[in-house]
There are 2 protein chains.
Amino acid sequence: MSKTKNLGEFEILVLAALVRLGADAYGVTIRREIEERAGRDVSVGALYATLSRLEQKGYVSSRVGEATAERGGRAKRHYIINANGKEQLDKSALALGNMLKGIGPWPKTLNLQA
Amino acid sequence: MSKTKNLGEFEILVLAALVRLGADAYGVTIRREIEERAGRDVSVGALYATLSRLEQKGYVSSRVGEATAERGGRAKRHYIINANGKEQLDKSALALGNMLKGIGPWPKTLNLQA
DNA sequence: ATATATCTTCTACAATGTAGAATAAATAAT
DNA sequence: ATTATTTATTCTACATTGTAGAAGATATAT
């Protein structure tokens, strides 16, 4: 049980995207996942800065991938959330969920209400 | 439809507390609501600074209450979320919900999964 | 070699988060 | 009427997180 440090809102979105994407997670896909699913603009600078900070805190790990791009371009840096990061994400999600449930209305597909 | 400006994580908790508390919302009760329900320490300074900023942005309104305390003490400042603030809160909740749903597990009472 | 495509890093600043001391303003006690 | 006590807000100072866009790196295509 590591120390809880209160993730920021954007950090939460990024960590959630990492969980969703699994092995496919790198800059471009993470950005697209958040923009599409959360309906929110994401600048590249904001994304990488946040990923870097999350890595410094030990919540994610990264490795530079093989240069297997199909049409040229720099190699991808793949990101993966680690146990510590998942733990923080769960805590933040639980706190937010407890505060937000029942005060909708939101679409049925969201199902935040208890 | 006013401009969306991406609420911070703590701002979301505070606005949600205002919705929950309704007319009973003032410093002490807001703080207690977040500490109990979100399971998170809240310093008085952090809370009032955030309330002040939310008011500046037009998301909440406040008024100093009558001096009807039963055992002395300064008058309360009552806070109320306004339509603009509720709109932002809903957007943030929707974005977070869409990213977080299905990646639990969380307690059944949370029901974040779709 | 040079162009083009893909992706990450850097720089600089704005906004949000945080804690604790200080202050204010009411009633209660002497 | 002073002083103590209680309740609550405001102030001060700084740390952390959020943000955008330019710059740089590195691959293939021409």
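Every chain is numbered from 1, with letters handed out A, B, ... down the list of sequences.
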Rounded to whole Å, CG of A:N6 lies from P of C:dA19 at a distance of 8 Å
With hydrophobic residues grouped by side-chain heavy-atom distances under 4.5 Å, do A:Y26 and A:V14 end up in a single group? no
Per atom distances to the B:S43 side chain, the nearest of D:dT19, C:dT9, C:dT18 is C:dT18
Which of the following nucleotides, D:dT19, D:dT10, C:dG17, is nearest to the side chain of B:R77? D:dT10
CG/B:N82: more than 12 non-hydrogen atoms of other groups inside 6.0 Å: yes
Rounded to whole Å, the CG-C1' distance (A:L54 to D:dT16) equals 12 Å
Between C:dT18, C:dT9, D:dG18, which one does the side chain of A:T50 approach most closely? D:dG18
Shortest side-chain distance from A:Y26, nucleotide among C:dG17, D:dG18, C:dC7: C:dC7
D:dG18, C:dC7, C:dG17: which one has an atom nearest the side-chain heavy atoms of A:V28? C:dC7
Using salt bridge (charged side-chain N to carboxylate O under 4.0 Å, His left out) as the criterion, point out the one residue from A:R53, A:K5, A:K57 that pairs with A:E11. A:K57
Answer yes if A:L51 and A:I80 sit in the same cluster of Ile, Leu, Val, Met, Phe, Trp and Tyr residues linked by side chain heavy atoms under 4.5 Å apart, and no otherwise. no
For A:L21, does the CG atom have more than 12 heavy-atom neighbours from other residues, nucleotides or ligands under 6.0 Å away? yes
Closer to the 5' end of DNA chain C via nearest nucleotide, is it B:D41 or B:K57? B:K57
Residue A:K76, side-chain heavy atoms: nucleotide from C:dC7, C:dT18, D:dT17 that is nearest: C:dC7
What nucleic acid atoms does A:G27 come within less than 4.0 Å of, heavy atoms only: base, sugar-phosphate, or nothing? sugar-phosphate
Of A:K5 and A:V42, the one whose closest nucleotide on DNA chain D sits nearer the 5' end is A:K5
Could you state the CD-C1' distance from A:E11 to C:dT16, rounded to the nearest angstrom? 12 Å
Quickly work out the A:L15 CG to D:dG18 P distance and round it to whole Å. 10 Å
Are any of the side-chain nitrogens in A:E9 or A:R40 under 4.0 Å away from the carboxylate oxygens of its partner? yes
What is the separation between atom CD on A:E9 and atom C1' on D:dT16, rounded to the nearest whole Å? 15 Å
Which heavy-atom pair separates B:L47 from B:G27 by the least distance, and what is that distance? CD2-O, 3.3 Å
Under a 4.0 Å heavy-atom criterion, the protein footprint on nucleotides 1-6 of chain D, written with B, S and -, is -----B
How many Å lie between CD1 on B:I34 and C1' on C:dT18, as a whole number? 13 Å
Should A:V19 and A:I34 be regarded as members of a common hydrophobic cluster, given that ILVMFWY residues are connected when their side-chain heavy atoms come within less than 4.5 Å of each other, either directly or indirectly? yes
How is B:R31 classified with respect to the nucleic acid when contacts are heavy atoms under 4.0 Å: base, sugar-phosphate, or nothing? nothing
Using atom CZ of B:R53 as one end and atom P of D:dG18 as the other, report the distance to the nearest whole Å. 14 Å
In whole angstrom, what separates A:L7's CG from C:dT16's P? 18 Å
